[in-house]
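Computed over heavy atoms, backbone and side chain alike; hydrogens, waters and symmetry mates excluded. The structure presented is a predicted model; accordingly, all values stated were derived computationally and were not measured. Lettering of chains follows the sequences in order, A, B, ..., and the numbering in each one begins at 1.
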Amino acid sequence: MYRTHNCGELRLTDAGKTVTLSGWIQRIRDLGGLLFIDLRDRYGVTQLFINPEQHNALYQQAKAYGREFVIQVIGKVSERSSRNPNMVTGDIEVIASDINLLNASITPPFTIEDDTDGGDDLRMQYRYLDIRRDPVRKNLLARHQVARAVREYMDGKGFVDVETPFLIKSTPEGARDFVVPSRLNEGQFYALPQSPQTFKQLLMVAGMDRYYQIVRCFRDEDLRADRQPEFTQIDCEMAFVDQEDVLNMFEGMVKHVFKSVRGINLSDFPRMSYADALKYYGNDKPDLRFGMQLIEITEIVKGRNFKVFDDAEYTAAIVAENCSEYTRKHLDELTEFVKRPQIGAGGLVYIRCATDGTYKSSVDKFYTQDDLKNIAAHCACKPGDLILILSGKQHKTRKAMSELRLEMGNRLGLRRKEDYKPLWVLDFPLLEWDEDDKRWNAMHHPFTSWKPEDESLMTDNPGAVRANAYDVVINGVELASGSIRIHNRAKQELMFRTIGLTDDEARYKFGFILNAFEYGAPPHGGIAFGFDRFCSIVTANLDYIRDFIAFPKNNAGRDVMLDAPSDIDLRLKNDLGLK
RNA sequence: GGUCUGGUAGUUUAGUUGGUUAGAAUGCUGCCCUGUCACGGCGGAGGUCGUGGGUUCGAGUCCCAUCCAGACCGCCA
């Protein structure tokens with residue numbers, strides 16, 4: 001038997017017991033006449049004690065050990081003569097009477113400690129050492145807890161976990177597919193699923209009624225801190241439901257997970273239309289942890305010969321409370337921020353609302369004190385506040401304003417880690433114009449149904465059609481996205497035609513689902529959560545998911561531990577008909 | 001496809017206007033140390049300054065190219 005206890009469970013009440021522990025050497029403290037070893041496993045750290053006067057051979061043996069050696073120790077639990085209140089096992093130590101070396105270790109390339117000296121690159125290359133560190137291990141355990149809570153809730157609501165295939169057919173819509181060459185069908189390829197979308201709909205046609213799966217998805221697109229080429233979704237679908245049913249069911253799931261994993265009671269999710277999200281936050285995933293809404297002032301700033309505002313399609317302001325004392329340096333920084341190519345604003349106009357009731361702006365040449373007072377009143381700006389104004393094309397300016405708002409939120413400490421502000425964003429447009437391909441594209445996916453009252457717009461104004469689509473957003477992060485689906489062949493064909501697929505193409509690419517819709521497809525809808533994101537938000541409220549994935553890829557899609565992707569054997573290439 | 005930041009000891013990094021032997025911390029290592037827990041004290045080893053080219057009397061430092069890493073834009077239904 002390698003161990004009778006783990007390294008995190010012994011307490012003062014165990015004093016006197018003879019125990020066997022196995023684990024890794026975290027650190028050795030040799031005081032000459034005394035030697036301490038911190039022994040670590042997944043569960044914690046326990047101090048071992050060796051007194052050379054009693055066990056000189058053991059002392060000589062242990063002295064030669066180094067960090068990360070794997071040992072088994074037999075000894076007696078006893079109260080420490082000087083306790084350590086910072087450790088849960090700090091009241092006791094194990095007085096070693098025998099130690100077996102199970103495996104030696106070379107010196108690790110970085111320290112296995114909470115605050116490691118290792119850079120990201122090294123940590124990824126030696127991920128198996130990184131996972132020995134407490135913070136990383138905790139994240140993986142948290143991920144397990146989130147998954148467990150999800151399954152608990154879904155099972156309780158009668159959802160059935162059904163597996164769907166990974167080797168499927170490439171489709172033209174959406175992200176770029178990862179493909180797998182077929183040996184038995186030379187020259188042809190499987191695609192890895194971007195999501196099990198069509199399968200879950202077919203399971204509804206099949207009468208499974210309530211389906212879910214925690215499932216890997218694959219998209220061959222460029223990566224970000226919060227995006228991996230393979231990632232995990234909580235994929236869900238229900239039959240005989242309308243939008244309200246889906247919203248209630250999955251709001252319940254998010255609340256259950258927060259309660260179960262963190263003990264946090266989320267209040268009911270507010271709902272906001274896509275149009276309002278853009279109007280008030282410049283963004284379809286608003287961070288509601290702070291106000292600072294966008295205020296449109298396009299018309300009231302016109303007519304003062306300030307050409308930028310006079311010519312602008314859209315001008316908007318945000319009010320930063322108690323920032324009127326911002327220095328020239330601060331304002332220059334903000335100007336630089338919005339003028340960065342990624343944001344792309346032409347410039348930044350400010351109005352300081354001084355505490356004495358006067359106004360100072362960067363456009364004093366064009367605007368009188370009364371003009372500025374009028375703008376301030378429109379923005380409900382108080383003395384001591386600072387108004388920041390951007391101007392230009394509506395879409396681009398809203399986007400820039402959204403970035404500026406988030407930046408100010410960061411600077412003012414308004415995006416507090418401990419706050420959680422979820423919401424539903426509703427009524428997304430069904431379609432968006434693809435400038436490159438000169439055609440309409442499904443905004444969510446081409447199986448999304450539309451508001452019946454907007455159906456007449458499908459032909460004359462497709463961009464105005466609203467979808468039965470919804471997102472869960474928490475703290476400015478899109479956590480989940482779903483829709484009520486089309487379940488009728490004619491409507492599905494109309495959708496395909498609208499996004500530029502000919503009937504022949506539609507039949508070739510999606511014939512299976514069109515056919516299925518003719519065999520009594522029930523009304524259905526669902527949602528899919530980004531599971532990795534969910535974990536990072538619930539446990540740490542971070543917009544960084546790699547720490548929640550055991551073996552993630554780097555920003556070029558490489559696995560630096562395996563050094564994948566790699567070349568393959570020539571013979572394998574031949575078998576696959578590749579050159 | 002594009003923009004930006006970085007690459008100096010095992011690791012994390014400092015390095016001024018281009019100028020003597022590239023400095024520190026940590027890790028490693030030797031000796032000392034009987035209650036440590038980031039133990040402590042004294043000593044030691046450890047560097048092709050990512051790579052290639054160029055400018056210069058002289059390059060870690062300036063220029064060009066390239067590789068790697070990270071962040072972002074495009075992209076991601």
**Q** For A/E93, report the nucleic acid contact type (base, sugar-phosphate, nothing); a contact means any heavy atom under 4.0 Å.
**A** base
**Q** As a quick check of understanding, evaluate ring-ring contact (aromatic ring centres under 6.0 Å, His included) for A/F531 and A/F548, giving each step before the final call.
**A** CA-CA 10 Å; A/F531 181 64; A/F548 295 85; 9.9 Å; no
**Q** Could you state the NE2-P distance from A/H445 to B/rC76, rounded to the nearest angstrom?
**A** 15 Å
**Q** Who are the side chain to side chain contact (heavy atoms under 4.5 Å, CB included) partners of A/D284, not counting sequence neighbours?
**A** A/Y274, A/F428
**Q** How far, in whole Å, is B/rC76 from B/rG60 if one measures between their P atoms?
**A** 46 Å
**Q** With rounding to the closest Å, how many angstrom separate the P atoms on B/rA9 and B/rU5?
**A** 22 Å
**Q** If you draw a 6.0 Å radius around NZ in A/K396, do more than 12 non-hydrogen atoms from other residues or ligands fall strictly inside?
**A** no
**Q** Suppose you measure atom C1' in B/rA22 against the same atom in B/rU8; what distance do you get, rounded to whole Å?
**A** 8 Å
**Q** For A/Y508, does the six-membered ring have the charged nitrogen or CZ of A/K169 within the cation-pi criterion, i.e. under 6.0 angstrom from the centroid and within 45° of the normal?
**A** yes
**Q** What is the distance from CG of A/D177 to P of B/rC75, rounded to the nearest Å?
**A** 18 Å
**Q** Could you tell me the separation between the CD1 atom of A/I343 and the C1' atom of B/rA71, rounded to a whole number of Å?
**A** 13 Å
**Q** Given the C1' atoms of B/rU21 and B/rC37, what is the spacing between them in whole Å?
**A** 40 Å
**Q** Which pairs with one or both residues in residues 544-555 of chain A pass side-chain hydrogen bond (donor to acceptor under 3.5 Å, both in side chains), sequence neighbours excluded?
**A** A/E230-A/K553
**Q** Are A/V136 and A/R123 close enough that some pair of their side-chain heavy atoms sits under 4.5 Å apart?
**A** yes
**Q** Drop me the distance from A/T46's OG1 to A/I92's CD1, to the nearest 0.5 angstrom.
**A** 5.0 Å
**Q** Just to verify, what does A/D563 make a side chain to side chain donor-acceptor pair (under 3.5 Å) with, not counting sequence neighbours?
**A** A/R558
**Q** Going by modelled atom types, is there a donor-acceptor pair between the base of B/rC76 and the side chain of A/R227 at under 3.5 Å?
**A** yes
**Q** What is the nucleic acid contact for A/F447, judged by heavy atoms within less than 4.0 Å: base, sugar-phosphate only, or nothing?
**A** nothing
**Q** Heavy atoms only, 4.0 Å cut-off, all strands: where does A/D30 land among base, sugar-phosphate and nothing?
**A** base
**Q** When the C1' atoms of B/rA59 and B/rG18 are compared, how many Å lie between them, rounded to an integer?
**A** 6 Å
**Q** How would you list, by chain and number, every residue that makes a salt bridge (Lys or Arg N to Asp or Glu O under 4.0 Å) with A/K329, sequence neighbours excluded?
**A** A/E333
**Q** Please, which pairs that meet ring-ring contact (aromatic ring centres under 6.0 Å, His included) have at least one residue in residues 68-91 of chain A, sequence neighbours excluded?
**A** A/Y65-A/F69
**Q** Just N and O in the side chain of A/R29: are any of them under 4.0 Å from OP1 or OP2 of B/rU36?
**A** no
**Q** Just compare B/rC39, B/rC76, B/rG70 and give me whichever is closest to any side-chain atom of A/N554.
**A** B/rG70
**Q** Could you please name the partner base of B/rU3, counting Watson-Crick and G-U wobble pairs only when both distances are under 3.5 Å?
**A** B/rA71
**Q** At under 4.0 Å between heavy atoms, what does A/Y544 touch on the DNA or RNA strands: base, sugar-phosphate, or nothing?
**A** sugar-phosphate
**Q** Where along residues 71-82 of chain A does a heavy atom fall under 4.0 Å from RNA chain B?
**A** A/R80, A/S81, A/S82
**Q** In terms of ring plane angle, is the pair A/F510 and A/F512 parallel, tilted or perpendicular, where the classes change at 30° and 60°?
**A** tilted
**Q** Can you check the distance between B/rC49 and B/rU20, where both ends of the measurement are the P atom (answer in whole Å)?
**A** 16 Å
**Q** Could you check which residues of residues 479-496 of chain A get a heavy atom under 4.0 Å from RNA chain B? Sort them by number, please.
**A** none
**Q** Of A/M443 and A/E403, whose nearest nucleotide on RNA chain B comes first from the 5' end?
**A** A/E403
**Q** Report the residues that fulfil salt bridge (Lys or Arg N to Asp or Glu O under 4.0 Å) with A/D220, sequence neighbours left out, ordered by chain and then residue number.
**A** none
**Q** Choosing from B/rA69, B/rC37, B/rC28, which nucleotide comes nearest the side chain of A/V560?
**A** B/rA69
**Q** Taking the same atom, P, in B/rG50 and in B/rU61, what whole-Å distance lies between them?
**A** 8 Å
**Q** In whole Å, what is the span from the CG atom of A/L223 to the C1' atom of B/rC75?
**A** 11 Å
**Q** Separation of A/D222 atom CG from B/rC75 atom P, in whole Å?
**A** 11 Å
**Q** Assign the ring pair A/F496 / A/F447 to parallel, tilted or perpendicular, where the plane angle (0 to 90°) is split at 30° and 60°.
**A** perpendicular
**Q** Starting from P on B/rG6, measure out to CG on A/N555 and report it in whole angstrom.
**A** 16 Å
**Q** Who pairs with A/T502 by side chain to side chain contact (heavy atoms under 4.5 Å, CB included), at least two apart in sequence or on another chain?
**A** A/D504, A/E505
**Q** Who pairs with A/A64 by side chain to side chain contact (heavy atoms under 4.5 Å, CB included), at least two apart in sequence or on another chain?
**A** none
**Q** For A/R67 and for A/A175, find the nucleotide of RNA chain B with the closest heavy atom, then tell me which residue's nucleotide is more 5'.
**A** A/R67
**Q** Reckon A/K339 has a side-chain N or O less than 4.0 Å from the OP1 or OP2 of B/rU3?
**A** no
**Q** Among A/V77, A/I71, A/L10, find the residue that satisfies the side chain to side chain contact (heavy atoms under 4.5 Å, CB included) test when tested with A/L21.
**A** A/L10
**Q** Only one of A/H487, A/K200, A/Q201 passes side chain to side chain donor-acceptor pair (under 3.5 Å) with A/H524; say which it is.
**A** A/Q201
**Q** Suppose you measure atom P in B/rC31 against the same atom in B/rG15; what distance do you get, rounded to whole Å?
**A** 37 Å
**Q** Is there a Watson-Crick or G-U wobble partner for B/rU29 with both distances under 3.5 Å, and if so, which one is it?
**A** B/rG43
**Q** Counting only side-chain nitrogens and oxygens, does A/R546 get under 4.0 Å of the OP1 or OP2 atom of B/rA71?
**A** yes
**Q** Using atom names, set out every protein N or O paired with an N or O of nucleotides 11-15 of chain B below 3.5 Å, distance rounded to 0.1 Å.
**A**
from, atom 1, to, atom 2, distance (Å)
B/rU11, O2', A/D117, O, 2.4
B/rU11, O2', A/D117, OD1, 3.3
B/rU12, OP1, A/G119, N, 3.2
B/rU12, O4', A/D117, O, 3.3

**Q** Give the nucleotide from the list B/rG35, B/rC37, B/rG74 with an atom nearest to the side chain of A/K399.
**A** B/rG74
**Q** Looking across every strand, which nucleic acid part, if any, lies under 4.0 Å from A/S195 by heavy atom: base, sugar-phosphate, or nothing?
**A** base
**Q** For the pair made of CD in A/E221 and P in B/rC72, what is the distance, rounded to whole Å?
**A** 16 Å
**Q** Given atom NZ of A/K63 and atom C1' of B/rC33, what is their separation to the nearest angstrom?
**A** 11 Å
**Q** Under 3.5 Å, which N/O atoms of the protein pair with N/O atoms of nucleotides 44-47 of chain B?
**A**
none

**Q** Need one value for A/R224: base, sugar-phosphate or nothing, where a base atom within 4.0 Å counts as base even if backbone is also close, heavy atoms only.
**A** base
